[in-house]
Colleague: 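I'd like to ask some things about the structure below.
Here, residue 1 is the first one in the sequence, and each next residue gets the next number. Hydrogens, waters and symmetry mates are skipped; everything else that's a heavy atom, side chains included, is used.
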Amino acid sequence: MELAPVGRAERSAGSTALPPSTPTPAGGALWGLGAGWIATRVLIVLMVLGILRISNADVSTDVSVIYHGWFEVLRTGTFPLDDVTWQYPPGAALVIMLPGVLPWSYLVSFFVLCGLFDLLTMGLLMRVGARRGRSFTGAWMWVVGVPLLGPTVYCRYDIIVTAITVVGLLAVARKPALGGLLLGLGALIKVWPVLALTGTPRGRRTRRSWTAAVATAAALGFLLTAGMNGAFDFLKFQKERGIEIESLGALPLHFARLFGGWDGQVTMNYGAQEMLGPWVPVIAKLSLAGTAIGFGWLLVWRLRATRWQAATPFDAALAALLVFTVTSRVISPQYMIWLIGLAAVCLTVRGTSQKPVAVLILVAAVLTTLEFPLLFGQVQRSQALGVAVISARNLTLLAATLISCRRLWRSTRRIEPATTVVLPAADPTPVGYPVRPGIAYEQALLDGLDQPVGRGTAS
């Protein structure tokens, strides 16, 4: 009798168990992710077009009025030098001018670009999640987290910067030079993407990615400075800013104002609603000190970390961004897009230490939409409900920051080798246990029955 080859038999059994028409688990997840992305993005488009409203505020005016106004100035070859609302590095000009290359109106073109960069991010997270040892949880984080911010997400250019950062951070693992180039470009657009390089593994990968980032930012910055006037004038505006009403530092002033203990004012200042008056300079200095302390801790972590895992670069990037966000004098609603993007990257790795942090970021996203645009008027006036919501949002972000840093620290510490403990040999002498008298008597009878019986006895 001849046996069939093992390989052929396995292939035959496999084809019987899983017909070619049966979708693989990964294929089913991809279809679910695609359907979820389409459904949620349709809701976002309906909100930005005003067909579906969650509040009476029109959040698209930043695009149609402010961005479009900057675009008209930038196309003349100069930065908006007389506009104090221009608070961005020179690379932001590239994003503001980008809708001008599309054939539609500036507003529609901007929405289209946001959708395209959103789709790019989604596609990359799905592709990474399909790899062996990776997870689709990151893609689900992007599907669920982005629409939680409501129409704001497509009415700010932060989703474009986030997409560039996500691509760059994922590229650093395999192509450090390309990843560094993209993160350097992102840093010249809005500074924070350079924080994604915090956790790159020591050695060649760090040298190549950091060098590429610095070279890209320097070269592009030089070209923009040489070609346009006032590339870095935004720095002098940053020095004079107050405390934005949605920041963590604003909470003491909100409570003092709520109970009549603060007589400052809330006004539009440098393009944001800011608090001006008593204690503001002190809180501003404390915020800067907090940023310095946070970055100092990150430096200590990097010097003392002894174990790099696949998730470590991503986890460190999210921890650095959280430190930067909670210690900032400004926490605008669009900042949450950054956190959702980096949390999604972390969740593409099964062994990430940031899963609880990602949950807190989703909670903070919901609270952010509640405070803006739904309750923004109450936040401006420091009314009880508005103060409660903004306090809950900011304290959630603070908790996420502390948990993120703690889990990052623990995940990169050296694992102590297991110690073998040799126990003393057991005593072979049986241990005597007390028994009841009845049991002892029965045992004695049984022992007597086991004795040999004699052939006869005298009568």
Colleague: Taking all heavy atoms of Ala319 and all of Cys405, pick out the closest pair and write down the distance.
Modeller: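 Result for this residue pair: CB-SG, 4.4 Å.
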Colleague: Is there a donor-acceptor pair closer than 3.5 Å between any side-chain N or O of Thr78 and the backbone N or O of Met228?
Modeller: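 Judged by distance alone, no pair lies under 3.5 Å.
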Colleague: For Ser382 versus Leu258, what's the shortest heavy-atom pair and its separation?
Modeller: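 Minimum heavy-atom separation between Ser382 and Leu258: O-CD1, 3.3 Å.
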Colleague: When you measure from the side chain of His254 to the backbone N and O of Ile245, does any donor-acceptor pair fall under 3.5 Å?
Modeller: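 Checked: pair present.
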Colleague: With no hydrogens and no angle check, is any side-chain donor or acceptor of Trp308 less than 3.5 Å from a backbone partner on Pro313?
Modeller: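 No; zero donor-acceptor contacts below 3.5 Å.
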Colleague: Do Thr152 and Arg156 come within less than 4.5 Å of each other through their side chains, counting heavy atoms only?
Modeller: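 Yes, side chains in contact.
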Colleague: Which is it for Asp62 and Cys155 under the side-chain contact (heavy atoms from CB on, under 4.5 Å) test, yes or no, and what are the steps along the way?
Modeller: CA-CA 7 Å; Asp62 273 35; Cys155 294; 5.8 Å; no
Colleague: Apply side-chain contact (heavy atoms from CB on, under 4.5 Å) to residues Val161 and Trp192 and explain how you reach the verdict.
Modeller: CA-CA 9 Å; Val161 183; Trp192 70 266; 3.9 Å; yes
Colleague: Please tell me if the side chains of Phe232 and Thr225 come closer than 4.5 Å, counting only heavy atoms from C-beta onward.
Modeller: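 When only atoms from C-beta onward are counted, Thr225 and Phe232 do touch, with a gap below 4.5 Å.
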Colleague: Can you tell if the side chain of Thr369 reaches within under 4.5 Å of the side chain of Ile54, non-hydrogen atoms only?
Modeller: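 Yes - at least one pair of side-chain heavy atoms lies under 4.5 Å apart.
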Colleague: Parallel, tilted or perpendicular, judged at 30° and 60°: which one describes the rings of Tyr335 and Trp338?
Modeller: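 Aromatic pair Tyr335/Trp338 classed parallel.
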Colleague: Quick one: does Gln273's side chain have a donor or acceptor within less than 3.5 Å of a partner on Gln380's backbone?
Modeller: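 No, because the side chain of Gln273 does not come within donor-acceptor range (under 3.5 Å) of the backbone of Gln380.
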Colleague: Please state whether the rings of Trp86 and Trp70 are parallel, tilted or perpendicular, taking 30° and 60° as the class boundaries.
Modeller: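 Ring orientation of Trp86 relative to Trp70: perpendicular.
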Colleague: Flag the pair Phe295 / Leu195 as yes when at least one side-chain heavy-atom distance between them is below 4.5 Å, and no otherwise.
Modeller: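 SC-SC contact between Phe295 and Leu195 confirmed.
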Colleague: Under 3.5 Å, side chain of Glu244 to main-chain N/O of Ile331, donor-acceptor pair present?
Modeller: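 Side chain of Glu244 to backbone of Ile331: a pair is present.
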Colleague: Is atom CZ of Arg204 surrounded by more than 12 heavy atoms (other residues, nucleotides or ligands) closer than 6.0 Å?
Modeller: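 At most 12 heavy atoms, drawn from other residues, nucleotides or ligands, come within 6.0 Å of this atom.
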Colleague: Just wondering, do Thr137 and Thr352 contact through their side chains at under 4.5 Å, heavy atoms?
Modeller: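 SC-SC contact between Thr352 and Thr137 ruled out.
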Colleague: Just by distance, with hydrogens left out, do Thr267 and Asn269 show a side-chain donor and acceptor under 3.5 Å apart?
Modeller: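 No pair is found: no donor N or O on one side chain lies under 3.5 Å from an acceptor on the other.
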Colleague: side-chain contact (heavy atoms from CB on, under 4.5 Å) for Leu124 and Leu120? Distances and angles first, verdict last.
Modeller: CA-CA 6 Å; Leu124 184 60; Leu120 170 67; 5.5 Å; no
Colleague: Using the side-chain contact (heavy atoms from CB on, under 4.5 Å) definition, which of the options Gln354, Arg134, Lys355 pairs with Leu347?
Modeller: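 The option that passes is Lys355.
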Colleague: Could you grab the distance from atom OG of Ser55 to atom CE of Met47, nearest 0.5 Å is fine?
Modeller: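 So the gap between those two atoms works out to 10.5 Å.
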Colleague: Is it true that atom CZ of Arg131 has more than 12 heavy atoms of other residues, nucleotides or ligands lying nearer than 6.0 Å?
Modeller: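 Check passes, neighbour count above 12.
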Colleague: Considering non-hydrogen atoms only, spot the tightest contact between Phe372 and Pro333 and give its length.
Modeller: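 Looking at all heavy atoms of both residues, the shortest contact is CD2-CG, 3.6 Å.
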Colleague: Please check this pair: side chain of Ser287 against backbone of Ile283, looking for a donor-acceptor N/O pair closer than 3.5 Å.
Modeller: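 At least one qualifying donor-acceptor pair exists.
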Colleague: Is the number of heavy atoms from other residues, nucleotides or ligands under 6.0 Å of Arg413 CZ greater than 12?
Modeller: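 Above 12, so yes.
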Colleague: Flag the pair Val63 / Tyr154 as yes when at least one side-chain heavy-atom distance between them is below 4.5 Å, and no otherwise.
Modeller: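 The answer is no, as the side chains (C-beta and beyond) never meet within the 4.5 Å cut-off.
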Colleague: To the closest 0.5 Å, what do you measure between OG1 (Thr76) and CZ (Phe71)?
Modeller: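 If we round to the nearest 0.5 Å, Thr76:OG1 and Phe71:CZ are 10.5 Å apart.
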Colleague: Are side-chain heavy atoms of Arg393 and Glu246 found at a separation under 4.5 Å?
Modeller: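 Result yes, sub-4.5 Å side-chain heavy-atom pair found.
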Colleague: If we ignore hydrogens and angles and just use 3.5 Å, is the side chain of Trp409 paired with the main-chain N or O of Trp301 as donor and acceptor?
Modeller: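 No, Trp409 side chain to Trp301 backbone: no donor-acceptor pair under 3.5 Å.
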Colleague: Restricting to non-hydrogen atoms, name the atom on Ile243 and the atom on Arg329 that form the minimum distance, rounded to 0.1 Å.
Modeller: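 Smallest heavy-atom distance, with atoms named: CD1-CG, 3.9 Å.
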Colleague: Spell out, as yes or no, whether a donor-acceptor pair under 3.5 Å connects the side chain of Thr306 to the backbone of Arg414.
Modeller: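 Yes; judged by distance alone, with no hydrogens or angles, the pair exists.
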Colleague: To the closest 0.5 Å, what do you measure between CG (Asp158) and CD1 (Ile189)?
Modeller: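 Output value for this atom pair is 10.5 Å.
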Colleague: If you measure from CG on Leu248 to OG1 on Thr325, what distance do you get to the nearest 0.5 Å?
Modeller: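 Going from the CG atom of Leu248 to the OG1 atom of Thr325 covers 11.0 Å.
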Colleague: Is any side-chain heavy atom of Asp315 closer than 4.5 Å to a side-chain heavy atom of Arg407?
Modeller: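 Contact flag for Asp315/Arg407 side chains = no.
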Colleague: Once ring pair (Phe, Tyr, Trp, His ring centres under 6.0 Å) is applied, do any residues pair with Trp142, and if so which ones, sequence neighbours excluded?
Modeller: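 Once residues adjacent in sequence are excluded, Trp142 has no partner under the ring pair (Phe, Tyr, Trp, His ring centres under 6.0 Å) criterion.
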Colleague: Working to the nearest 0.5 angstrom, can you tell me the gap between Leu49 CG and Ile44 CD1?
Modeller: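 Reported value, rounded in 0.5 Å steps: 11.5 Å.
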Colleague: Shortest non-hydrogen contact from Arg41 to Pro147?
Modeller: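 Residues Arg41 and Pro147, closest heavy atoms: NH1-CD, 3.6 Å.
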Colleague: Would you mind listing every side chain to side chain donor-acceptor pair (under 3.5 Å) that reaches into residues 208-222, with sequence neighbours excluded?
Modeller: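 Applying side chain to side chain donor-acceptor pair (under 3.5 Å) to every pair that reaches into residues 208-222, excluding sequence neighbours, yields Thr200-Trp210.
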Colleague: Below 30° counts as parallel, above 60° as perpendicular, anything between as tilted: where do the rings of Tyr157 and Tyr88 land?
Modeller: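 The arrangement is perpendicular - the two ring planes meet at more than 60°.
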Colleague: If you look at every heavy atom in Ala344 and Leu125, which pair is closest and at what distance?
Modeller: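 Looks like CB-CD1, 3.9 Å.
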Colleague: Is atom CZ of Arg127 surrounded by more than 12 heavy atoms (other residues, nucleotides or ligands) closer than 6.0 Å?
Modeller: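 For Arg127, atom CZ is not crowded (no more than 12 foreign heavy atoms under 6.0 Å).
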Colleague: Phe314 vs Leu170, test: side-chain contact (heavy atoms from CB on, under 4.5 Å). Steps then yes/no.
Modeller: CA-CA 8 Å; Phe314 308 150; Leu170 289 171; 3.9 Å; yes
Colleague: How many angstroms lie between CG in Leu33 and CD1 in Ile38, if you round to the nearest 0.5 Å?
Modeller: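 Output value for this atom pair is 11.0 Å.
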